[in-house]
Amino acid sequence: MSRKSPGPTADSDTDNSSDNGSDNGRRRSRRALSAVRRWIVTAPGTYSWLAVLFVTTVLLHRTTPAFEHGASDGSSGGPSWDPVRPLISGVLWIDGGHWLPYAVLFTVFHATAEHWLGTLRWLAVAVLAHVLAVLLGEGVLGWAVRYGDASPSAGNTLEVGVSYALAGVVAVLTYRVPHPWRYVYAFAVLVFYGVPLAADGRTVTDLGHVTAVLTGLACYRLTRKAASQGKPGAPSPEKTERPAAQ
């Protein structure tokens, strides 16, 4: 009488399939976490800046309302025109004090540009956009106060926020978008930032945003080397070597 050879049972098949499913889930989770880590590590400028903004935002919320109001409008008791102060403080504080939306915007735009251009060229675009927008905006404001087109108290207005650098980087990413969508993207950026400047309630900040956008578009030469090197918009996953076949 022949014996039946032992084999897997239905219960063991179920256990193996569930184990395989959990193993696959863990592997997917590890791959996702690894991709997030690579994205952050390969954009050190973006996320170091975000870390500083997180600290200043927490400090802003823990201070008195008077200090928060003073940090937002830069009032100091008398009219003045000091372009150095907004150049420095404008990159250290978030206008409105809400950090999480800017974390999303930095991840989508700044980190993408840093991966593509490299940290130095990305930083050059962001700094140029911020500096030129602040100088032009403060210059126009000082001129308006001097010739009576604005009240003397407007000279105390301090441009606080990182939106100028963000606008410049959003604009330079036009050259990352393939044809023909590049022109659609550029048109959308110009409309988004240009409409407030054309409206009746336009402000110096609206002028600064348009200046930053035009600065980003003018940085085309900084993007040519990145394009010739074929840098991707995001870091490529690490390749694992397969053992040679025996």
Hey, quick one: are [X] and [Y] part of the same hydrophobic cluster, counting side-chain heavy atoms closer than 4.5 Å, chains of contacts allowed?
| X | Y | result |
| --- | --- | --- |
| Val170 | Leu190 | yes |
| Leu120 | Val169 | no |
| Val172 | Trp181 | yes |
| Val213 | Tyr175 | yes |
| Leu105 | Val108 | yes |

* Taking atom OG1 of Thr107 and atom CD1 of Ile40, what is their separation to the nearest 0.5 Å? ->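 The OG1 atom of Thr107 sits 7.5 Å away from the CD1 atom of Ile40.
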* Ser34-Arg30 side chain donor-acceptor pair, cut-off 3.5 Å ->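 There is no such pair (donor and acceptor under 3.5 Å, judged by atom type) between the side chains of Ser34 and Arg30.
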* To do: Determine whether the side chains of Tyr102 and Thr57 contain a donor N or O and an acceptor N or O closer than 3.5 Å.
  =>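 On atom types as modelled, these side chains do not qualify, holding no pair under 3.5 Å.
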Side chains of [X] and [Y], heavy atoms from C-beta outward: is any pair under 4.5 Å?
| X | Y | value |
| --- | --- | --- |
| Val134 | His130 | yes |
| Val131 | Val127 | yes |
| Tyr193 | Asp206 | no |
| Tyr47 | Val41 | no |

Please confirm whether the backbone N or O of [Y] pairs with a side-chain atom of [X], one donor and one acceptor, at under 3.5 Å?
| X | Y | answer |
| --- | --- | --- |
| Thr56 | Leu53 | yes |
| Ser48 | Gly45 | no |
| Arg121 | Leu117 | yes |
| Glu114 | Thr46 | yes |
| Trp99 | Leu50 | yes |
| Trp49 | Val91 | yes |
| Thr215 | Gly168 | no |
| His115 | Trp39 | yes |

Where [X] and [Y] come nearest, the two heavy atoms and their spacing:
| X | Y | value |
| --- | --- | --- |
| Ala133 | Gly208 | CB-O, 3.2 Å |
| His209 | Ser163 | NE2-OG, 2.8 Å |
| Cys219 | Leu128 | SG-CD1, 4.2 Å |
| Ala124 | Leu222 | CB-CD1, 4.2 Å |
| Phe192 | Pro196 | O-CD, 3.3 Å |

* Would Tyr220 and Thr223 satisfy side-chain contact (heavy atoms from CB on, under 4.5 Å), going step by step from the backbone distance to the final call? -> CA-CA 5 Å; Tyr220 170 70; Thr223 70; 3.6 Å; yes
* Check the pair Phe106, Thr112 against side-chain contact (heavy atoms from CB on, under 4.5 Å), reporting the backbone distance first and the verdict last. => CA-CA 9 Å; Phe106 270 51; Thr112 299; over 6 Å; no
* For Tyr185, does the OH atom sit with more than 12 other heavy atoms under 6.0 Å from it, leaving out its own atoms? ->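 More than 12 within 6.0 Å, yes.
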* To do: Go through the steps to decide whether Leu33 and Arg37 satisfy the test side-chain contact (heavy atoms from CB on, under 4.5 Å), and finish with yes or no.
  => CA-CA 6 Å; Leu33 291 175; Arg37 180 185 61 82; over 6 Å; no
* Val55: which of Val58, Leu59, Val52 passes side-chain contact (heavy atoms from CB on, under 4.5 Å) ->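 Answer after filtering Val58, Leu59, Val52: Leu59.
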* For the pair Tyr183 and Val177, evaluate side-chain contact (heavy atoms from CB on, under 4.5 Å) and give the outcome as yes or no after the intermediate values. => CA-CA 9 Å; Tyr183 303 106; Val177 179; over 6 Å; no
